[in-house]
Amino acid sequence: MKKGKRFRLKQLRRSLSNLSGLPLVAIAVFGIASSLIAIRHFGKLEAWELYAYDRFVRLRPESPPDPRLLLIGITEEDLRQQKQWPLSDRAIAQLLQKLQALEPQVIGLDLFRDFPIGSGRAQLVEQLQQPNVISIRSIDTFAGTAPPPEVSPEQVGFNDLLIDPDGVVRRNLLFAEGEEGGLFSFSLRVAIEYLDSLGITPQSSAKNPNNLQLGQGVFVPLRAHSGGYQNADIGGYQILLNYRSGTPVAREISLTQALSGAIDPAWVKGKIVLIGSTAPNLRDIFFTPYSPSASLGERYKMSGVAVHAQMVSQILDAATGARALFWYWSERQELLWIAIWTLLGGGVGWVFRHPLTVFCSGAVGLGLLWSSCFYLFLRGGWVPLVAPGLGFSLTLGAVAIARSYDSYRQRQIVMELLGQNTAPEIARTLWQARDTLLQSGKLPGVELTATIFFLDVRGFSSIAERMEPRDLLNWLNELLDAIAREVLTRQGIINKFTGDGLMAVFGIPLPRDRAEDIALDAQHAVECALAARDRLSELNQNWQPRGLPVIQIRIGIFTGAVVAGSLGGKDRWEYGILGDSVNIAARLESYEKQRQPDSCRILITQETLNHLRDRFEVESWGSLALKGKQRQVKVYRVLHRKNED
């Protein structure tokens, strides 16, 4: 191995050691969580969080219509009946007079009346001054509409709605600052008037004097970072609008029905009656979380008076304890929530490696996150979904990809350390033990019983002298490739090439526990030798007309105990097979080189013959002393498989 290659492998192993393990997860979690928090801070995830909020609103069970409310809508048919818009003061006065006869608790008029329209102004003023009638105005009277001048400020509330950047009404503005000072919203005025009959009056919260409390409900104002909002305009006193349902929030009748007296007194007595336009052409319609998409058209909008009814219903429910108000975590808790899910994503990516397992575990994790957020939402909690979901997904993906790349680079290390002569079985074994390999730079030795196979070309030195190096290499590769195929076909492993020969092993890298398996390895080795003899015959016939050398080969086979493991140092080593069995097989191959009865001499010993189970015809060469060995071994030459001609 060249110095540059050794340095590169050492550097590669060091870099993998630095990237692998928990530091990888920590880097991914910190980087992705920090990026998401920064992106979230600048409001880039707000639209997605609001979309998730709308989905939750549509998925949760809807409440039935509020029996405390009655809506009188001014429809397209009403406009045709009245033949004018805005409606005259007389028409509205008649409506209010008819309703008062039915003893409503509160009447909310969501129609601007800052100046006379048609006849009947005196009658209208008389009705507007009734103590249970609430009128409307705009917060900014310079750009909007002023309140009816004849009505007390305590009977007027602003009807301005807060619209999010995507055009959806999700917030309820309870108080605002106008030219005259603090202003109440229309819905809050109506609700307070109704709750007063129940003995519930506005007061400051005991825990925080700056928060409004009505009965059991403490109205905690929205912060700029509440729930999915980021840097939201929180001017005034805002709460999140908790819609009752996407269907009519209360019983609804038309103006024509109300004026004609086609109304059940039970619908009005002691109830809240809200009057406003519902005709789409009047443009007093708004997108809500129940609108699937703003691009689907105005038929998915909700009338302004219906939105105010939703607000009134929410305030009443909160004050009476029927429905809780939304709550939110502090910004620190939300950041911790995001960090936890980001860390979980990294953990999943670290634990699971198979793509299908990663995908399934990721889907389960996202499902658990969604379920947790929806569960909290059903209990009034709006917590971030998109940011932790992205953190989980991105960290899982980043760690999984990094682990995959890590594994790919580890495979490169294994294969480069082994060289190009490595059999797939060895590579798989080393790959399974890669943690030990990368940590210590080598594999521990494993004791096992294997059959060693040595092959060498007879008279190679003289052949090499007569051939050009390039021709010699091509010719030798033809031989070794043919022999290697026979080895691998019979589950053998080429441990190394020895220039003009090779060393193969049958029975590694996994230890053989059964005698049947050890015997099968020995049989495979002998069958491989006989197949090599046949291939050599074919090659010689092919080489002769091409002017290439016709050769003879020697094969030595021995079955016995060996130790298999890494041999060398951390920066340069090979998968080695050591033991006396290896030496005996090598001596068999080189034993009495001049005795070459045929083109392929195959020698084995009694140890291998014991495993062949009388399946091969052999010729005894007696007990011989092999070179370098003190003890003698019984040597046999394999002739052919029995029953073979």
Side-chain angles (χ1 to χ4, degrees), residues 66 68-69 71 105-114 128 131-141 143-148 151-164 168-196 200-205 210-215 217-222 226 232-244 249-250 272-277 284-286 288 302-319 323 325-326:
D66 195 330
R68 298 163 297 192
L69 276 70
L71 268 62
Q105 186 64 43
V106 189
I107 297 177
L109 182 63
D110 188 24
L111 296 173
F112 289 111
R113 289 290 121 174
D114 54 333
L128 292 179
N132 66 338
V133 176
I134 307 297
S135 301
I136 61 170
R137 58 165 290 170
S138 294
I139 296 174
D140 185 357
T141 56
T145 305
V151 178
S152 169
E154 285 74 23
Q155 291 181 247
V156 178
F158 62 83
N159 72 335
D160 302 70
L161 297 179
L162 295 177
I163 301 177
D164 286 333
V168 177
V169 177
R170 299 185 182 89
R171 291 173 286 164
N172 182 358
L173 180 60
L174 299 179
F175 300 101
E177 286 293 326
E179 301 91 347
E180 304 88 351
L183 301 175
F184 283 65
S185 72
F186 173 64
S187 59
L188 182 59
R189 285 286 191 195
V190 171
I192 289 176
E193 182 66 24
Y194 180 86
L195 291 171
D196 185 63
I200 299 174
T201 57
Q203 55 185 324
S204 297
S205 170
N210 294 321
N211 292 344
L212 168 67
Q213 181 168 350
L214 280 171
V218 177
F219 296 78
V220 179
L222 278 170
S226 294
D233 181 0
I234 56 171
Y237 197 106
Q238 305 176 26
I239 63 171
L240 195 63
L241 175 51
N242 192 359
Y243 283 84
R244 188 178 186 88
V249 63
I272 298 173
V273 180
L274 297 180
I275 305 167
S277 63
D284 187 24
I285 51 178
F286 302 89
T288 72
M302 186 178 291
S303 66
V305 68
V307 174
H308 289 299
Q310 298 274 6
M311 295 175 174
V312 172
S313 180
Q314 176 187 16
I315 297 172
L316 298 183
D317 283 344
R323 265 194 311 155
L325 294 165
F326 276 108

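Bear in mind that the values here come from a model prediction, so they are computed numbers and not experimental data.
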Beyond-backbone contact of [X] with [Y], side-chain heavy atoms, under 4.5 angstrom:
X	Y	answer
Met311	Leu241	yes
Ile239	Phe326	no
Gln155	Pro148	no
Ile134	Val106	yes
Arg244	Asp317	yes
Thr201	Leu195	no
Ser138	Asp160	yes
Leu173	Ile139	yes

Closest non-hydrogen atom pair, [X] against [Y]:
X	Y	result
Ser303	Ile285	CA-CG2, 3.9 Å
Leu71	Ala309	CD1-CB, 3.7 Å
Val156	Pro147	CG1-CB, 3.6 Å
Phe286	Val169	CB-CG2, 3.9 Å
Tyr194	Leu316	CD2-CD2, 3.7 Å
Leu212	Pro202	CD1-CB, 3.9 Å

Next item on the list: Kindly determine whether Asn211 and Ser205 satisfy side-chain hydrogen bond (donor to acceptor under 3.5 Å, both in side chains), including the steps that lead there.
Entry: CA-CA 5 Å; Asn211 292 344; Ser205 170; 5.2 Å; no
Note to self: Evaluate Ser226 against Leu240 for side chain to side chain contact (heavy atoms under 4.5 Å, CB included), listing each step before the verdict.
What the structure shows: CA-CA 9 Å; Ser226 294; Leu240 195 63; over 6 Å; no
How far does [atom1] of [X] sit from [atom2] of [Y], to the nearest 0.5 angstrom?
X	Y	atom1	atom2	value
Gln238	Asp233	CD	CG	6.5 Å
Asp140	Phe158	CG	CZ	12.5 Å
Leu161	Thr288	CG	OG1	11.5 Å
Ser187	Gln310	OG	CD	11.5 Å
Leu183	Arg189	CG	CZ	8.5 Å
Thr145	Phe112	OG1	CZ	4.0 Å

Next item on the list: Please report the C-alpha distance between Val220 and Leu325 in whole Å, then the side-chain angles of each, then the deciding distance to 0.1 Å, and finally whether the side chain to side chain contact (heavy atoms under 4.5 Å, CB included) criterion is met.
Entry: CA-CA 9 Å; Val220 179; Leu325 294 165; over 6 Å; no
Notebook entry, point to check: Of Val305, Asp110, Leu109, Val133, which meets side chain to side chain contact (heavy atoms under 4.5 Å, CB included) against Ile275?
Noted result: Leu109
Note to self: I need the single residue from Ile107, Asp66, Val190, Asn132 that forms a side chain to side chain contact (heavy atoms under 4.5 Å, CB included) with Ile272. Which is it?
What the structure shows: Val190
Item checked: Donor-acceptor contact present, side-chain Tyr237 to main-chain Phe219, <3.5 Å -> yes
Item checked: Near-ring test Phe184/Phe175, centroid separation under 6.0 angstrom -> yes
Item checked: Partner residues of Asp164 under the side chain to side chain contact (heavy atoms under 4.5 Å, CB included) criterion, sequence neighbours left out -> Leu50, Asp166, Arg170, Arg171, Tyr229
Next item on the list: Test side chain to side chain contact (heavy atoms under 4.5 Å, CB included) on Ser185 and His308 and set out the steps.
Entry: CA-CA 10 Å; Ser185 72; His308 289 299; over 6 Å; no
